[in-house]
Number of protein chains: 2
Amino acid sequence: MDSRSLLLLGMLKAQSRHGYQINEFIEHNLRDLIPMKKSTAYTILDRLGEAGLVSMVVDQEGNRPPRKVYSITEEGERQFRQLLKDNLEMLDLKHFEEDVGILLMDELPIAEAMAALREKLRRIELEVNKYEKVPHHEVRPGVDMAIDHHLSLLKAERDWVLRLMGNLRTKTQV
Amino acid sequence: MDSRSLLLLGMLKAQSRHGYQINEFIEHNLRDLIPMKKSTAYTILDRLGEAGLVSMVVDQEGNRPPRKVYSITEEGERQFRQLLKDNLEMLDLKHFEEDVGILLMDELPIAEAMAALREKLRRIELEVNKYEKVPHHEVRPGVDMAIDHHLSLLKAERDWVLRLMGNLRTKTQV
DNA sequence: GGGCGCATGTAATGAGTTACATGATTGA
DNA sequence: TCAATCATGTAACTCATTACATGCGCCC
């Protein structure tokens, strides 16, 4: 999962930051899109430093805890560009987990399967509502695009589940 | 990722099998849907055995390599049912990886971003073609459903990329 | 005689999460 | 003084993949 490295490089490309700052930014701006834990950021920053993709300077103001401020290096920018292109080309819809359930669905009484699908539908609606309420984001045009992407796939999923439920219903009635 | 356990339990619910047989079945029937490695199956079967969800009998014919034949237990069936319901309810579109690229897209010259998206589109088409060619599957009705699911999301992804490219194009021309 | 099919695994590796640990400042 | 915020990490754990290991039977 190099996308985490890509994200950090991208944030450092925009401006130098220390680890805490990065985690703050993610929590405040990307919390709905990026499920990355704080300790992970610290670990990856170390890794990027060892690889020479970022440089680090310690900055201490008064008695406050020292900050490690990271900046992207030239090599880091090159790598970033390549990683980003690779990522944009990438196709990696991994709904394998969900497919297993679909695959085995016929092992469940239809009534129970339908109940489960209704619950799933409810969850999809909740997600859709949540993302539709997220306000327009000015700093990063990408945020809006990513949310739009999210919504597109959520709606496709919703349509598919509805179609599936329709099929099951007619099958039962026949 | 409990979906692997779920899959194995489901296969054993349909009929008792030994490990090699399970791997064969997956390779022949589910190879396009399930990216599970053979050694993983053996490990999970052990784990399920320890948890009392499957029982095991060794079966040796002549001098051929001994087979460990697994059967699902009553507790296993209960667990299976619950896992399956949970799985069907689950909503877990994790396109986080792809979203990172979208999020950072504005760091790339538009021409390069467009080229990457064209490549992505090409890959989507390849996948769509591949899945549309998969013949109707009789044994497990679920296989057809899972493939249909796959195709739905692929097409949604394709539409979204096309829309995005359209937007980028008009933006550049203005 | 050599390779494929049958049949089972183990050990090392990787990538990330969880839980834990630390310690100063700031505000109620 | 008590909690929250700032700021950093380490260690253990989980889960799956990769690579490696073994050995017999069968067919050409």
Side-chain angles (χ1 to χ4, degrees), chain A residues 1-9 11-12 16-28 30-31 33-51 54 56-70 83 87 90 92 94 96-97 99-100, chain B residues 1-9 11-12 16-28 30-31 33-51 53-54 56-70 83 87 92 94 96-97 99-100:
Chain A
M1 263 205 224
D2 258 21
S3 37
R4 282 153 223 266
S5 305
L6 174 60
L7 175 65
L8 295 190
L9 285 175
M11 291 182 59
L12 293 177
S16 298
R17 291 173 164 98
H18 55 95
Y20 191 83
Q21 226 173 350
I22 287 178
N23 281 322
E24 285 276 282
F25 186 89
I26 292 176
E27 210 179 301
H28 290 144
L30 313 175
R31 114 188 64 102
L33 292 170
I34 309 291
M36 186 172 69
K37 302 302 160 178
K38 309 195 171 184
S39 43
T40 307
Y42 290 113
T43 309
I44 293 181
L45 286 170
D46 283 351
R47 203 196 295 155
L48 292 176
E50 273 167 42
V54 303
M56 187 262 285
V57 170
V58 177
D59 165 38
Q60 182 152 21
E61 288 175 17
N63 246 347
R64 325 209 77 252
R67 306 156 157 184
K68 292 188 174 177
V69 178
Y70 292 91
L83 281 174
N87 182 289
M90 175 180 73
D92 157 68
K94 40 172 127 174
F96 151 67
E97 319 256 323
D99 281 343
V100 172
Chain B
M1 267 209 223
D2 257 19
S3 37
R4 283 153 221 268
S5 304
L6 173 60
L7 175 65
L8 295 190
L9 286 175
M11 292 182 58
L12 293 177
S16 298
R17 290 174 166 98
H18 55 95
Y20 191 84
Q21 226 173 351
I22 288 178
N23 281 323
E24 285 276 282
F25 186 88
I26 293 176
E27 210 180 302
H28 290 145
L30 313 176
R31 112 188 66 98
L33 292 170
I34 308 292
M36 186 171 68
K37 301 302 159 181
K38 310 196 170 184
S39 44
T40 307
Y42 290 113
T43 309
I44 294 181
L45 286 170
D46 283 351
R47 204 195 296 153
L48 293 176
E50 272 167 43
L53 305 183
V54 303
M56 187 263 284
V57 171
V58 177
D59 165 37
Q60 183 152 23
E61 289 176 15
N63 246 346
R64 327 206 77 251
R67 305 157 158 184
K68 293 188 174 178
V69 179
Y70 292 91
L83 281 174
N87 181 289
D92 157 68
K94 42 170 125 171
F96 150 66
E97 319 256 320
D99 282 342
V100 172

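Remember, it's a predicted structure, so these values are computed and weren't measured experimentally. Chain naming here is simple, since letters A, B, ... match the order of the sequence lines and numbering starts at 1 in each.
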Using OP1 and OP2 only, check whether a side-chain N or O of [X] sits under 4.0 Å from [N].
X: Tyr20(A); N: dT8(D); value: no
X: Arg67(B); N: dG9(C); value: no
X: Arg47(A); N: dG9(D); value: no
X: Arg4(B); N: dT17(D); value: yes

Taking the side chain as every heavy atom from C-beta outward, state whether [X] and [Y] have any atom pair closer than 4.5 Å.
X: Ile34(B); Y: Phe96(A); answer: yes
X: Lys68(B); Y: Leu45(B); answer: no
X: Ile26(B); Y: Leu7(B); answer: yes
X: Asn87(B); Y: Asp2(B); answer: no

Using nucleotides 18-24 of chain D, report all nitrogen or oxygen pairs with the protein that are shorter than 3.5 Å.
residue : atom : partner  : partner atom : Å
dT18(D) : O4   : Ser39(B) : OG           : 3.4

Results of side-chain hydrogen bond (donor to acceptor under 3.5 Å, both in side chains) for [X] - residues two or more places apart only:
X: Asp99(B); value: His149(A), His150(A)
X: Ser16(B); value: Ser71(B)
X: Glu27(B); value: Lys38(B)

In dot-bracket notation, what is the pairing pattern of DNA chain C, taking Watson-Crick (N1-N3 plus N6-O4 or O6-N4) and G-U wobble (N1-O2 and O6-N3) contacts under 3.5 Å, with [ ] crossing and | for other strands? ||||||||||||||||||||||||||||
Closest to side chain of Lys68(B), choosing from dA7(D), dG5(C), dG9(C): dG9(C)
Which residues share a side chain to side chain contact (heavy atoms under 4.5 Å, CB included) with Pro66(B), sequence neighbours left out: Val58(B), Gln60(B)
Give the rounded distance in Å between these two atoms: [atom1] of [X] and [atom2] of [N].
X: Leu6(A); N: dA15(C); atom1: CG; atom2: C1'; result: 16 Å
X: Met56(B); N: dG9(C); atom1: CE; atom2: P; result: 7 Å
X: Tyr70(A); N: dA7(D); atom1: OH; atom2: C1'; result: 11 Å
X: Met36(B); N: dT17(D); atom1: CE; atom2: C1'; result: 12 Å
X: Tyr42(B); N: dG9(C); atom1: OH; atom2: P; result: 7 Å
X: Ile22(B); N: dC6(C); atom1: CD1; atom2: P; result: 15 Å
X: Ile44(A); N: dG9(D); atom1: CD1; atom2: P; result: 14 Å
X: Glu50(B); N: dC15(D); atom1: CD; atom2: C1'; result: 15 Å

Can you check whether Met11(B)'s main-chain N or O pairs, donor with acceptor, with Arg17(B)'s side chain at less than 3.5 Å?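 Yes.
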